[in-house]
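In what follows, a single structure is set out as structure tokens and then discussed.
Throughout, protein chains are lettered first and strands after them, A, B, ... in sequence-line order, and every chain is numbered starting at 1.
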Amino acid sequence: MRRYSVRFVALGYLLVVLLGPLSMLFWRVYAEGVGKAWTALTDPDTGHAFKVTLELAAIAVPLNTIFGIVVALAIVRRRFPGKGLLNAFVDLPLALSPVVVGLSLYLLYGRTGWFGPWFTQHGVQVLFALPSMVLATIFVSVPFVAREVVPTLREIGDEQEQAAHTLGASGWQTFWRITLPSIRWAVIYGVVVTTARCLGEYGAVAIVSGSIQGKTETATLRVQEEFENLNLAGSYGISLVLAAIAIFVLVLMTRLRPREGVS
Amino acid sequence: MSIQVRHVSKHFGNFQALDDVSIDVAGGSLTALLGPSGSGKSTLLRIIAGLEQPDSGEIFLSGEDATASPPQKRGVGFVFQHYAAFKHMTVRDNIAFGLKIRKRPAAEVRARVDELVALVQLQGFADRYPAQLSGGQRQRMALARALAPEPEVLLLDEPFGALDARVRAELRRWLRRLHEETHTTTVFVTHDQEEAMEVADSIVVMNKGRVEQVAGPRELYDSPANEFVMSFVGQANRFGDAWVRPHDLELVLEPNGSTREAQVERVVHLGFEVRCELVRDDGEEFSVQLTRAQATTLELERGQIVYARPVKETVFS
Amino acid sequence: MIVALPIAALIWSSRNDGWSGFWNAISAPEAVAALKLTLAVAALVALTNAFAGTLIAWVLVRDDFRGKTVVNGIIDLPFALPTIVAGLLVLALYGPHSPVDVHAAYTRYAIYLVLLFVTLPFVVRTVQPVLYELDTQMEEAARSLGARELTIFRRIVLPSILPGILSGVAMAFARAIGEIGAIVILSGNLPYKTEVASVYVFNLSESGNGTAAAAVAVVLLAISFLVLLAVGGIRRMATRYERA
């Protein structure tokens, strides 16, 4: 009996907090009018917003993947001064408000910032343009690959790498043939999570982009824009697409998780 | 290929793993590094392989200074205690690894791998992954992998430590036979004196980062260099200042000049032999090894008073 | 560099108007109200998660029912879903057009609810693996020694999963402090009432008051650092039995 009541409470909580709101998605789009939602989705500015979002992800994800693997290798396999600090800085974006991230970049590259004047002189637009948005996206999604790879590296240990060395493999050969294949599922999982974070980022990008319609507006900023213009159908329509991506990502995540332990 | 280790020291933090160790391993020999855990035997093996760097001292391989050369360049094959199998590769790919790294032609690789698969008796398992093998099979695969590039030295770190008794015995014999066929210089680490005696023709006994004695199995047992070797290699009883092996003690029912009185604590029948555990009148415990016939004649039982006489004793100065 | 440099710039900028400027910015009534609200709601969210998250993890590991794998998968959804979408969804269910007749929009309850949505996975995902690895033989041993179920949970299970709960709670707390996307749409952002710290910083920055924004942001930064320190401490505590 007790078991059932525990289950009931747990699932009830999930229903109220998670599933309830989620179920609203289709219903609201339907209630606000599918036609209106479609109009909003096919608006060139919306298309552009999705394009900007994808561009950001396309730049940030590969960079963070390489960075994450390098950092994880450094943290697990090497001893060097300042390792604790590196560890802390890699985790910081997880605990930090994206608004603080956005503001920091804004202050660094703004008119009176350390780097702002230099870039202005050389005619490079950083703020309210793609470069600062890329930096913001990279910042908030830095930790994910490293956090997935670090425990996997610890678990596999370095014996296989040593074995490869005694068999004549160079450091580079060992990385490609032994280390990378052993951590591949962790890397892929990290990439999936990083991608999700990049697509969904709002706070940091909101500050540095200036949300200029048709130029620096991302998909999530577009959701807010439509909402504030009282075009709820549009807002829910774009949300539906974003949620569809999220659910796709989620399916990938659950598919990848159990396979880690197997091979 | 011969190995010379000269004045090698190594510490980890405050722990002195090796303290001025020098040994010579003759080319083509089969040598055991024997010692209790923490004696530095594995560290020495890893330094020979180039997996660890010594704090001081030199390593010579075939007379050439190899101290600074990386493991890739030393031409050694290394077998790890926990196999270090490449989990994402099949048995075949594991064994082929060292050859592919050396960019050998595919046909040659295939032929050599087939030969090794047969040698380690893994026919039929070549396309399996390490996770689908038993411990003994995995260790045989690791051996084949280390042998594939035809190393001049084969180093094995507690190779049979993680296996059960029967598989161990089988692999020991197999290693011995392999060495007789190939005559590759082989060094293996073990904490099991029986394993060292059975397999090796030269044994290096180590304790607390130092070499206690280097000798063949028989010499090690018959003329141990010091008390540590005496007590670590085989059983030994302390009799005052002297040490006596359990089979070098005679039990009699009547005292005479050189006997010590003792009481029987336990009589253990071990099949072909009988071990008798006794307590001396001064409270010291010791054991005696007897044949079944001897034990039957004496009619040993618990609580009985007997008299022990050393046939052969060793005194260390 | 990408992480450290902007942070340095932030701290530097917060001091543009000197110590007094910094102090004035963070002690402004609106700032104090926003920070207080943020901390209070985040604390409440963290506490709720400590219970609900542990309970859900327990059900997912020890219970068995149809559709468990689906439920297990859905737990990660808040990590995958853009938070602004989460805000919109909570607004749809508990807002003006609520089909269940709950009208929480533009109130503090709405903030609480949407933060529960966003932070749901943290505790579940830190407790679940520990619970899974936990040797049930320990519980059976306790049972054979005569311990009652509640005692077993308190004395055997809880000490093992507590580090997991605490680090999950800490991360959920940090997330609740910093969240903006989910809140900006449905809180109404009324100063002194439903304006949280991150939104306050955002508004200051948008109105060109970068220095004051930086000052409040530094407070948020300090909280983040404290949380990370706490998580590090918990991790060390969790492995204390395994270290020699």
Side-chain angles (χ1 to χ4, degrees), chain A residues 3 6-7 9-11 13-14 17-22 24-25 27-28 31 88-89 91-101 103-108 110 113-114 135 138-139 142 193 196 199-200 202-203 206-207 219-220 223-224 227 235-236 239 242-243 246-247 249-251 253-254, chain C residues 2-7 9-10 12-13 52 55-56 58-59 63 65 69 71-74 76-86 88-90 92-93 97 99-100 113 116-117 120 171 174-175 177-181 184-185 198 201-202 205 210 213-214 217 220-221 224-225 227-228 232:
Chain A
R3 207 177 77 162
V6 168
R7 184 194 302 176
V9 172
L11 294 183
Y13 180 87
L14 280 178
V17 170
L18 190 64
L19 295 175
L22 202 61
M24 287 290 97
L25 200 56
W27 188 73
R28 287 313 300 178
F89 269 110
D91 271 352
L92 185 64
L94 285 180
L96 195 58
S97 171
V99 175
V100 177
V101 175
L103 184 65
S104 302
L105 289 167
Y106 182 87
L107 293 169
L108 186 61
W114 292 346
L135 287 173
I138 290 178
F139 193 132
V142 150
V193 180
L199 297 180
Y202 168 84
I207 288 193
T220 49
V223 171
Q224 194 200 5
F227 180 79
S235 198
Y236 282 110
S239 291
L242 285 170
I247 288 166
V249 164
L250 194 68
V251 171
M253 277 158 79
T254 38
Chain C
I2 270 187
V3 174
L5 213 59
I7 299 289
L10 174 80
W12 181 262
S13 303
L55 199 71
I56 292 169
W58 178 273
V59 169
D63 202 355
F65 52 91
T69 44
V71 173
N72 189 27
I74 283 174
D76 277 329
L77 189 75
F79 279 165
L81 194 70
T83 53
I84 195 155
V85 176
L88 206 62
L89 293 178
V90 170
L93 183 59
H97 303 285
V100 290
L113 274 171
L116 286 183
F117 182 109
L120 177 78
M171 291 314 288
R175 185 65 194 272
I177 294 274
E179 185 52 42
I180 176 160
V184 78
I185 277 185
S198 56
V201 171
F202 184 80
S205 148
L220 293 180
L221 177 69
S224 302
F225 263 118
V227 169
L228 283 182

Are any of the side-chain heavy atoms of [X] and [Y] separated by less than 4.5 Å?
| X | Y | value |
| --- | --- | --- |
| C:L120 | A:L14 | yes |
| C:D63 | A:V6 | no |
| C:L77 | A:I247 | yes |
| C:I7 | A:F139 | yes |
| C:P78 | A:L18 | yes |
| C:F225 | A:L92 | yes |
| A:V100 | C:L10 | yes |

Where do [X] and [Y] come nearest, in terms of heavy atoms and distance?
| X | Y | value |
| --- | --- | --- |
| A:L107 | C:A214 | CD1-CB, 3.7 Å |
| A:I207 | C:S205 | CG2-OG, 4.0 Å |
| C:G73 | A:L250 | O-CD1, 3.4 Å |
| A:P98 | C:G178 | CD-O, 3.5 Å |
| A:S104 | C:P6 | CB-O, 3.3 Å |
| A:V249 | C:A80 | CG1-CB, 4.2 Å |

Region of [X] in contact with chain A, defined by heavy-atom distances below 4.5 Å:
| X | answer |
| --- | --- |
| C:V71 | side chain |
| C:L221 | both |
| C:I56 | both |

Rounded to the nearest 0.5 Å, what separates atom [atom1] in [X] from atom [atom2] in [Y]?
| X | Y | atom1 | atom2 | value |
| --- | --- | --- | --- | --- |
| C:L220 | A:S97 | CG | OG | 6.0 Å |
| A:T220 | C:L88 | OG1 | CG | 12.0 Å |
| C:L5 | A:L105 | CG | CG | 9.5 Å |

For the side chain of C:S224 and the backbone of A:A95, is there at least one donor-acceptor N/O pair under 3.5 Å apart? yes

At a 4.5 Å cut-off on heavy atoms, which part of [X] comes close to chain C: side chain, backbone, both, or neither?
| X | value |
| --- | --- |
| A:F227 | side chain |
| A:V17 | both |
| A:A206 | both |
| A:L19 | side chain |

Under a 4.5 Å cutoff for heavy-atom pairs, which residue among A:L199, A:L11, A:V101 has the most contacts with chain C? A:L11

Scored by heavy-atom pairs under 4.5 Å with chain A, the best of C:T69, C:L113, C:V90, C:I180 is C:I180

Mind ranking C:I185, C:V201, C:V227 by heavy-atom pairs under 4.5 Å with chain A and telling me who comes out on top?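 Looking at each of C:I185, C:V201, C:V227 in turn, C:I185 comes out on top.
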
